[in-house]
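Note that this is a predicted model, so its numbers are computed, not measured. So you know, we letter chains A, B, ... as the sequences are listed, proteins then strands, and number each from 1.
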Amino acid sequence: MLKTILSRLIQTIVVVFLLVTFTFFAVRAIPGNPFVSDKATSPEEQAALEAYYGLDQPLPIQYGRYWGNILLQGDFGDSLSMKGRKVSDMIAQSFPVSVLLGLSSLVFGMLIGIPLGIIAALNHNRSLDYLAMIVAMAGICVVAFVLGPLFQINFAKPLQWLNVAGWSRPSDIILPAITLSFGVAAYLARLTRGGMLDVLSQDYIRTARAKGVPSLQIIRKHALRPALMPAVTYLGPAFAAIITGSFVVENIFLIPGMGQHFVTGITSKDYNLVLALVLFYGILMGIANLLSDLALIFMDPKLRNA
Amino acid sequence: MSATVQAPSQSTAAVVEKGSSLWSDAFVRLRTNKLAMLGGILVTLILIACFIVTPILSANGLDANAQDLSNQFAKPSAANLLGTDQLGRDMLMRVLEGGQISLLVAILATVLTVTIGITYGGIAGYVGGKVEATMMRIVDGLLAMPFLIIVILFRELIAVRTDKLAEWLVANWNMSSDFVLRFSNLTPLVLAIAAFGWLTMGRIVRTAAASLRRQEFVEAARSLGLPHRRILFRHILPNMLGPVIIYATLTIPSFILYEATLSFIGLGIEPPNSSWGILIKEGANFLETYPTILAIPAILFSLTLFAFNFLGDGLRDALDPKSSKD
């Protein structure tokens, strides 16, 4: 177990370091700089701005300074597109929003997907199974940017108490979280069904049946835990899918989260903002993967000694 | 004449004399899977519509970009079978041309993915040992990165080069700027998706190659003194086509989805080029007043994903009966 944690930790550090390094040089290699698009700035002013933000320095020095500022002072720099704002403040504001949205859609996804998969497996090759799998496929194919607008029109408009978009009331999380959860729910349903079918064909389940253990108890006590293994393994990728989805969903529902910042950061070439977000996403991915590893170890005693 | 006589006996004879191959077995299984067959038929129809019918239509003067501001939001008619959009452009042509781009991105990226995946995974699995361990450690590391984010960054990085290349081609090679611009918009997206999309394929191929390497018939080939190249191309490669084909079929819809997502947030295909992602993004603006502008591309898009996914699932069940859990 300690070995798993340690190797994930090392992997995360290496991955985040490479990710930030790649991003650092990539964003600077994209032509134009953050200030060119401002029509009001003259070349002299641009040069002054570049000097102010240290962008006139050679790349290795900028790179060294970047890490120095983060590691020694915890400073992610100033936003280049929103003058006068610190990147760390922007992330401090948007991070809880995105995490809340992501976690609630993950929970929604599990609440819909796992029971759906179990129901499908228990009714294997019967109409309920086919129905559940077609519903799951719909969740994969009818994507967030189609679902989001549909929800806005069909639920937010007729129901007065839901806002079409925005992030001002607690109820504003409902529609985006559900939109975001569909894809996750669909994958979880398929994985849970597969895992359940695998387990139900095992000898020890047949033994339990032969001994006359009631069906419900077999599922609950013997089958459920191993059947959920594939779904738990999916936790890491699910997290990546939620990041991807949040780019779209935050855009549709006008949610001030990290996804919005990332997209505008790329288009406005806000180097510092993009870099800090990439760093954060990398760490979050590492945590998600670690949690998934730990959950697997917790669920499968065989992995504990490895 | 002879064909009609031979046909029935040939099929039974084949089964008796040659035994049934993996592929003919698989095809029989696939044919009984109604959803997969439906998916296959739909995929074929969509491909024909986008890559054969559309070029013919546009060669005959139908233009997806021809605006007619006196004919905005027209209802379906003989002239515009699916009506027109906010600029009076024919929806049918737009959705077909958009599909062409979306499918082209996904298919080209998948071809690259398969090529890279087979080479990388094949080498890792066949060589084994420390090389394999290192190669797969790299794949693990890349898989731990947030996919879409590196794709976005990488696309931005190449987009500049391809734009320059496009200008140069138009200036020096006298190429049609319309054609070149369309491809300069599409290429960075394809390259970026493929550059990080091959990882899972690489893993699948490695697993297949590693297990094949230990099989007796490969050992026999090696002890007969066959060169590595011949073993790889004659024995290893054909035997791992199954998982590769299955995964490639399932990769296409996920790449269609990535293209649409990126175009939707404005970091993929850019107007005036269209793709399903662009059409859905534009359509969302008129959702309340003219829902068909969104509905038409959205339905076709979702239908395509359905078709590819069902076909892929069916192929998996057919080629790898053990995994189908029936």
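Using a 4.5 Å heavy-atom cut-off against chain A, the contacting residues of residues 276-284 of chain B are B:Ile280, B:Ala284. Within residues 293-302 of chain B, the residues having any heavy atom under 4.5 Å from a heavy atom of chain A are, by residue number, B:Leu294, B:Ala298, B:Phe301, B:Ser302.
Looking at residues two or more places apart in sequence or on another chain, you find no side chain to side chain donor-acceptor pair (under 3.5 Å) involving A:Asn272.
Atom SG in A:Cys141 sits 11.5 Å away from atom CZ in B:Phe308 (nearest 0.5 Å). Note that CD1 of A:Ile252 and CZ of B:Phe264 are 4.0 Å apart. Values are rounded to the nearest 0.5 Å. The CZ atom of A:Phe262 sits 8.0 Å away from atom CD1 of B:Ile265, with the distance rounded to the nearest 0.5 Å. Of the inter-residue distances, the one linking B:Leu148 atom CG with A:Ile243 atom CD1 reads 9.5 Å to the nearest 0.5 angstrom. We find the CG-OG1 distance between B:Leu153 and A:Thr23 to be 5.0 Å, quoted to the nearest 0.5 Å.
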Could you go through residues 284-293 of chain A and list every donor-acceptor pair under 3.5 Å that involves a side-chain atom there, pairing it with any protein atom two or more places apart or in another chain?
{"unit_1": "A:Asn289", "atom_1": "ND2", "unit_2": "A:Met285", "atom_2": "O", "d": "3.4"}
{"unit_1": "A:Ser292", "atom_1": "OG", "unit_2": "A:Val232", "atom_2": "O", "d": "3.2"}
{"unit_1": "A:Asp293", "atom_1": "OD2", "unit_2": "A:Arg8", "atom_2": "NE", "d": "2.6"}

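Neither the backbone nor the side chain of A:Leu200 comes within contact range of chain B, judged by heavy atoms closer than 4.5 Å. Of the atoms belonging to A:Val16, not a single heavy atom falls under 4.5 Å from chain B. Interface remark: A:Leu19 contributes backbone and side-chain atoms alike to the contact with chain B (heavy atom separation under 4.5 Å). Neither the backbone nor the side chain of A:Ser201 has a heavy atom closer than 4.5 Å to any heavy atom of chain B.
A 4.5 Å side-chain heavy-atom check between B:Asp313 and A:Met137 finds at least one atom pair inside the cut-off.
Counting heavy-atom pairs closer than 4.5 Å to chain B, the top-ranked of the candidates A:Phe145, A:Tyr130, A:Tyr281 is A:Phe145. Comparing B:Leu157, B:Thr304, B:Leu35 by heavy-atom pairs within less than 4.5 Å of chain A, the highest count is held by B:Leu157.
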